[in-house]
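Heads up, the thing below is written out as structure tokens.
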There are 2 protein chains.
Amino acid sequence: MAVTIHDVAKLAGVNSSTVSRVINGKATITPDTKERVYAAMRELDYHPNSLARSLASGLSGAIGVIVDARDAEAFSNWFFARSLFAIEREAQARGYQVIIANGAQSKGGNIETMMKEHKVDGLILPPTTVKPSLMKTIGDFPYVVLGTPDTLSSQTSWVDNNNGQGAEMAVRHLQEMGYQNIAYLGGHEKRGFTKRRIRGYQQANTGKETVLATDGTTENAYETALSVLKKTGHPDAFVCNDNLAAFGLLKACRELRVHVPRDVGIVAFDNYPLAEYTDPQLTIVDIDTAMLGEQTAQLLFKRIENRAGNQQIMLSTTLVKRASTERKAR
Amino acid sequence: MAVTIHDVAKLAGVNSSTVSRVINGKATITPDTKERVYAAMRELDYHPNSLARSLASGLSGAIGVIVDARDAEAFSNWFFARSLFAIEREAQARGYQVIIANGAQSKGGNIETMMKEHKVDGLILPPTTVKPSLMKTIGDFPYVVLGTPDTLSSQTSWVDNNNGQGAEMAVRHLQEMGYQNIAYLGGHEKRGFTKRRIRGYQQANTGKETVLATDGTTENAYETALSVLKKTGHPDAFVCNDNLAAFGLLKACRELRVHVPRDVGIVAFDNYPLAEYTDPQLTIVDIDTAMLGEQTAQLLFKRIENRAGNQQIMLSTTLVKRASTERKAR
DNA sequence: TCCCTTCGTGCAACCGCTTGCACAAATCAT
DNA sequence: ATGATTTGTGCAAGCGGTTGCACGAAGGGA
């Protein structure tokens, strides 16, 4: 049916192993032979069967990216999508495919399946999957966690942005701008990165501590903000767990005629493209998702190639100052 | 090294072909034998090598989703991510992997590579890739276009939402609400779906025609809106090509103190989660991305399984009425 | 009871490529 | 010039499954 390495070999008048060597460049081949092989490949429009190649070499040539999203919302999550873009770019540069799978436990996205059935040569995992049981099944199979695992973090490889530092920066900036009663709004309190952000908030905050965790939705952030802002002596600033929470907060402020940034200052994590189009524009803790994805992929490939030991990479965040914290009119 | 089908066969006291048949359920096997095989598999923690399986069966067990995104922005595009979520779900239900690749022309994302090297059994393509040259190389390889191709649309399989109908609905709604001078804002004029939306706008619009194409960015929509709204006799309503354009428009309205919905009505395509948190909330033409992804995947699998002929599926859109078009106070 | 199906399983040839080993030819050192 | 290397290529055994064919055993009909 399809043209195989043998067809090429026959046409070029050499053995198939020679063709294989030409393709892989793994041996010294006479320029003349090489040229004949290339000519034959061109003439026959030969494309090596990657399946056969993988089987023989024992390498699938793919990496898997596992997500743990219940709904489309989480999947289309800006953070994840941007990182994925960078991961794909790195993989492509190395000739690897990227397989995505949702649901670490479900049959299809099963981590064990992916590795034991040789579907991938390495995995990028969400922090939620890191548990002693995983460590046992995964053995020395190459993987990198995108985010900080809640446990076993020193025994795993991971790449994450420094959430604590980001929150501290946010709080300090608000304090500098004259806000004194700073609250933290949004985020599942169980999620590791939220916890770390809250800790950072607590460490930098010198005023009253108010942690307003939500269920992670914009709606819930809105409701929470609404009830808090109705009370007298409410916070005069908020560090939001993400842009979604900030949108909810902004809506609450509008409805209650609470002026931002005069009455309330806002800093939000993440840098959605729309954060510049709110009223007022949002000051944000920017996460370099491109760098995050790139570093994650690079670390994974390092581990795939030479089984390097575990390694942790912490990326710092950047504060982008915009109108939502400009208390004093300029 | 790894445990193979032969190890299982030996332990179960049968031939490896029997084990294969048990795994694939492709033949009648004595319950007793079957049980012994399962027991052996369990005992040895056997996982079939998917690579070997693919090679022997000639099926990779994966589908490829090609994207054509220059920057992370387009990749993290809400529309694409949501559809991808649904595609992945369908694939997983059928035991297929999903490989994503960016850049139809680049080496890694090369459509030809994907199919000729047997990396995937089918492809989901962006409409921009549909050209006569592609048709030639792709032959009868199963693929489905996610979106409407600009050319050859009757000779390809595709799934799309009805953009023309959506725009017509938007215009009619605006007219019903009393707006008379309706403009179309945003979108690359070269992009097929924008063209179709504009055509729908033109068909339903009974007033003056104003098409304000942009470069697709929020910033450009903002600038365009700003200059248009400064003129007297400016449009009293806009159909926006997407939520991003609407955000730009809203910002321009705010700055110029143009009241929405009193002075200007807005309908935008897409239903970002944040469209409910703008001021005022946006009336939108909702695209069922989950359905889109699902239908696309289903059609692809249908084509993979029985080489069904080309087929086109057009999904209708829904208008979600919100405050941005509520001209008369309720 | 005897012949004809149907059923359950084994045999062995692939699927298309990689790679260790072998060996002739070419290159080098002395 | 000659033995020791190095270089280029072929041979064939895998990699771990799938599957058409064959055949004995079991089941069915008359």
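In what follows, chains carry the letters A, B, and so on, assigned in the order in which the sequence lines appear, proteins first and then strands, with residues in each chain numbered from 1.
- Between A:Thr30 and D:dT9 there is a side-chain N or O to OP1 or OP2 distance below 4.0 Å.
- When only modelled atom types and interatomic distance are considered, B:Arg21 and B:Asn15 share no side-chain donor-acceptor pair under 3.5 Å.
- Rounding to whole angstrom units, NE2 of residue A:His6 and P of D:dC11 are separated by 12 Å.
- Heavy atoms of B:Thr4 sit under 4.0 angstrom from primed sugar atoms or phosphate atoms, though from no base atom.
- Between B:Lys116 atom NZ and C:dC17 atom C1' the separation is 19 Å, expressed in whole Å.
- One atom, CD1 of A:Ile23, and another, C1' of C:dG16, lie 10 Å apart when rounded to the nearest Å.
- Here A:Val19 lies out of heavy-atom contact (under 4.0 Å) with every strand.
- The side chain of B:Arg21 has C:dT9 as its nearest neighbour among C:dT19, D:dT18, C:dT9.
- Distance CG/A:Leu315 to CE/A:Met291: 6.0 Å, rounded to 0.5 Å.
- Atoms NZ (A:Lys26) and P (D:dT9) sit 18 Å apart, rounded to a whole Å.
- Residues of residues 41-63 of chain B that place a heavy atom closer than 4.0 Å to DNA chain C, in numerical order, are B:Leu55, B:Ala56.
- Here A:Thr18 reaches the OP1 or OP2 of D:dG10: one of its side-chain N or O atoms lies under 4.0 Å away.
- Regarding B:Lys119, its NZ atom lies at a distance of 12 Å from the P atom of C:dC17, rounded to whole Å.
- Looking at B:Glu43 and B:Arg36, no side-chain N of the basic residue comes within less than 4.0 Å of a carboxylate O on the acidic one, giving no salt bridge.
- Set against D:dG10, C:dC11, D:dG17, the side chain of B:Asn15 has C:dC11 as its closest nucleotide.
- As judged by a 4.0 angstrom heavy-atom cut-off over every strand, A:Ser20 is placed among the base-contacting residues.
- Rounded to the nearest 0.5 angstrom, B:Met114 CE and B:Ser60 OG are separated by 10.0 Å.
- Atom NZ in A:Lys34 sits about 9 Å away from atom P in D:dG8, given to the nearest Å.
- Taking the side chain as every heavy atom from C-beta outward, B:Ser316 and B:Asn161 never approach each other to under 4.5 Å.
- Under the 3.5 Å distance criterion, with hydrogens and angles disregarded, no donor-acceptor pair is assigned to the side chains of A:Asp160 and A:Asn162.
- Residue B:Thr28 has its side chain nearest to C:dC7 when only C:dC7, D:dG17, D:dT9 are considered.
- One can place CD1 of B:Ile5 at 12 Å from C1' of D:dT19, the figure rounded to the nearest angstrom.
- Residue B:His118 contributes atom NE2, which lies 16 Å from atom C1' of D:dT18 at whole-angstrom precision.
- Of the N and O atoms on the side chains of A:Thr30 and A:Asp32, not one donor lies less than 3.5 Å from an acceptor on the other residue.
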